[in-house]
Amino acid sequence: FYALYMRSSLARRVVTLHPSSRVLDSNSTSAAVSPERFWGTYRPQVYFGMKTRSPRSVVTGLMWMRQFSEMDVNLRHTCEQGDRLPGYGWLMHDGVNFGVQEIHDNDFTLTTEFVKRMGGEHGGDWTWRITAKQHSSAPQAPVISLMFYAAADTQGSLQAHVEERSRLSSVTGTSEELGNFKITFRKPTAGGAASGKYASYNYLQTLSPGLDRLTDIVKNSLNRRFVFHPPSGEKRPYIAVDSYKPPPHQQQQQQKDGRIESDFLVHQVTVQTPFQIEVLFESGSFHDRPNQLVGSVLTEELEKRKVAFDEKFETTFGLQTKGFAPSQVKFSKAALSNMVGGMGYFFGQSVVQSVYNEHPLLYPEGALFTAVPSRSFFPRGFLWDEGFHQILLNRWDPQVTREAVAHWLDLINVEGWIPRELILGDEARSKVPSEFVVQRNENANPPTMFLLLEELVEQLETQRDSPLYEETLKFLRRLFPRLQTWFEWYNTTQVGPLPNSYRWRGRDKDTNLFLNPKTLTSGLDDYPRASHPSTEERHVDLHCWMVLSSRIMRNIAQLLGEPHQEYERTHLTLSDNNLLNELHWSEQHRAFCDYGNHTQAVSLQQEKVFVPPGQPRHQFPVARLVRYVRKAPKLQYVNALGYVSLFPFLLHVLTPDSPKLQHVLRDIRDPDRLWTPYGLRSLSRADPLYMKRNTEHDAPYWRGAIWININYLAIRALHHYSSVEGPYQEDAASLYQELRTNVINNVYKQYQETGYIWEQYNDSTGRGQGSHPFTGWSALTVLIMSEQY
Ligand code: 6A9
């Protein structure tokens, strides 16, 4: 019985939250406490939409579709690379009051703007303005349908108000978080002066079982039975929403899922470009509004906000002063705005598992306010990405940063573990293939939050006399118990085979399927490590993350007057360059290396296999790629020169007088190894695994491409080593200039050419590749431009 009891209590640990008082007060994001930040574009996964920072918020959004196009139905809603839009993103977004986004579709551009106005007790009002213009190249002004919607999410209700049979002129509603409200859909104008425009109207009034189903519901309701007939034009049939009934099998499915149905209303307006439309949200508790936020009032408000944004941008980053051209400044504003405008508010439960659970468990419900790496491909929280995001956001709006970090740390469990990916809610989960959903509590991810905490601690020194000083201190004090457990978790669960060495857990197990088994937990996925994962391994990047973490823990403890001796001791031990050299320097390779059971003699080869009986292609041999090992592995340093080898330099572990620095700088500047005209490549061109696929279906990822987060660290490190005295100070200074220029120029050039900031850049051509837009850590280019490290 005791054993059983122990087992089940161990099994609960993974889903037991940390007992210390939470960093966030329970109502901290509510309309009462934080009205200015209540409404926002906190749905980064849709092209345009807003919600409040509350669980199960009523959401608003926009879908659109071009009529009379050859490509039948081209409904746009969630950001999808498959839509192949020539570009979209925020040009300006201050995170609080307003934003301006441009969305380029094939032959027209939509500008989506919003402005908020405070008043009442529920986060106030807002107005949207959508401006549609055809491209000059378009032979004919396109006819476009905009579909504005409001959807409840298991609570609250929405009522439709219909005019002239088919025009949904407004929606009134009520919900826990918003009280009463009204959304008004104004008629389109030709833009500027309020001259009317011919438009056709349709609406949909239905129920939805979840926000992840909205696109399908609209798609399934589309009907061609409507006629577009402008006064002086031909009659043409067009596609529009029509009353929707889910097919019977789906209704049954929903009942089985036990999902609650909620109101979903769609207003479709079909009109020829150019045009402009405003949508107005008015809060019921806002009684004394001076006028409606529409037309010229709105224009004026937008102008004021834009001027304030430009001023704040220049005071914060100083790019004009530095002599950047207006187009470069504009690019940089877009980069920042997309990170700010990419902040999401998610609510729900992670799916997690420990060795004590036979099946995955649901984590406690929780909220996450976080930036996302990519609105299209990964619109959810990633632990180590977030540290990089917040380094930038903290410069723009320290409150955003404190709140984001607080949300992340409030999700830590009693063991000190934070899931690497936080996939909360149906909408977030609908974007993740099921095999990636479950998060395991053995697995880490680099604790980049300490880079941000380092920045906060450094800033404190300059804030002595400002109110920010107390605010930051208070924040660190509330964070501290959680940071202690977090650090302890790394320092116990991720230890390596030798004293003071470390090892990433969670490497791929099925070795013969991968050219080199991946290490997703390190963040560097397929970067080559020991060919045969084993407990004998030690990883140099993790070692360096621990040097950084222990240093910052010591600093924070000291600052707060908490015992810091233990952190101090750990830090002194780990940062000793002799220890680092013993554990990770290979004299043979003249580089810092991982150590483990390794052979370089591996390759992928075709193998004919028989599919097991019962499978469809049973009895026919199928060729597949498997790993072929020509020479047995043995314990040795892993020869894979690239980002991992640079970590002692990247995280300032090397003392400025270390002769190893010379080797590092040489490898960096060598075009046959890491140097390219566009930034540092992830893996040396001379490495046997350079640009090699990992499996038939798994293209090279961190095996050559240029990644901006690591380039940011490299540029920051060059800045560091060029500002402290040492034999390599001058080398570092000149490399700093060169690398900084290369990275800025290429990210900027690619943005101009393609309309996007990218996940990675090709090391031979500089071209953007991978997911896009990717305005997570690639947006760190802003800090590189402004030289804030
Ligand atoms: C795949 C596909 C629609 C991979 O930026 C987020 C992470 C980084 O943390 C990590 O270092 N990216 C990097 O190696 C993207 C990871 C996406 C994994 C999910 C599912 C979705 O299909």
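Sequential numbering from 1 along the given sequence is applied to the chain's residues. Both ligands and their constituent atoms are indexed starting at 1 by order of listing.
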- Query: Using 30° and 60° as the class limits, which term best fits the ring planes of His772 and Trp758: parallel, tilted or perpendicular?
  - Reply: tilted
- Of all the atoms in ligand 1, which lie at a distance below 4.0 Å from a heavy atom belonging to Arg380? 19 (C)
- Item | atom 11 (O) of ligand 1 - nearest protein heavy atom and its distance | Gly523 O, 2.5 Å
- For residues Trp777 and Phe382, establish whether the separation of their ring centroids is below 6.0 Å. no
- Task: Check ligand 1 against Pro373 and write out every atom of the ligand that is under 4.0 Å from a heavy-atom position of the residue.
- Result: 5 (O), 6 (C)
- Item | 4.0 Å heavy-atom contact, Val432 with ligand 1 | no
- Note on the structure: Within 4.0 Å of some non-hydrogen atom of Trp384, the atoms of ligand 1 are 8 (C), 9 (O), 10 (C), 11 (O)
- Query: Is it true that Asp698 and Lys518 have a side-chain N and a carboxylate O under 4.0 angstrom from each other?
  - Reply: yes
- Item | Mode of Tyr527 contact toward ligand 1 - side chain, backbone, both, neither (heavy atoms, under 4.0 Å) | neither
- Parallel, tilted or perpendicular: which fits the ring planes of Tyr789 and Tyr712, with parallel below 30° and perpendicular above 60°? tilted
- If hydrogens are left out, which of Phe436, Phe388, Tyr701 has an atom nearest to atom 12 (N) of ligand 1, that is, the closest non-hydrogen atom? Tyr701
- Inspect the contact between Glu454 and Arg716 and indicate whether a charged nitrogen and a carboxylate oxygen are less than 4.0 angstrom apart. yes
- What atoms of ligand 1 come closer than 4.0 angstrom to any heavy atom of Lys431? 3 (C), 21 (C), 22 (O)
- Note on the structure: for atom 9 (O) of ligand 1, nearest protein heavy atom and its distance come out as Asp385 OD1, 2.6 Å
- Measure Glu386 to ligand 1 on non-hydrogen atoms and call it side chain, backbone, both or neither using the 4.0 Å cut-off. neither
- Contact region, Ser771 to ligand 1, non-hydrogen atoms below 4.0 Å, reads neither
- Close approach, Pro433 and ligand 1, non-hydrogen under 4.0 angstrom: yes
- Salt bridge Asp212-Arg429, side-chain N to carboxylate O under 4.0 Å: no
- Note on the structure: Those residues at least two apart in sequence (or on a different chain) that pass salt bridge (Lys or Arg N to Asp or Glu O under 4.0 Å) with Arg380 are Glu421
- Task: Show which atoms of ligand 1 fall inside a sub-4.0 Å distance from at least one heavy-atom site of Trp777.
- Result: 8 (C), 11 (O)
- Short N-O contact, Asp508 and Arg529, less than 4.0 angstrom: no
- Message: With respect to Trp702, determine whether any N or O atom, backbone or side chain, lies less than 3.5 Å from an N or O atom of ligand 1.
- Response: yes
- Decide whether a cation-pi geometry holds between Arg685 and Tyr690; the criteria are a distance under 6.0 Å from NZ or CZ to the six-membered ring centre and an angle within 45° of the ring axis. no
- Identify the protein heavy atom lying closest to atom 17 (C) of ligand 1, giving its residue, its atom name and the separation to 0.1 Å. Phe378 CE2, 3.2 Å
- Query: Under 6.0 Å from the CZ atom of Arg693, do we count more than 12 heavy atoms belonging to anything else shown?
  - Reply: yes
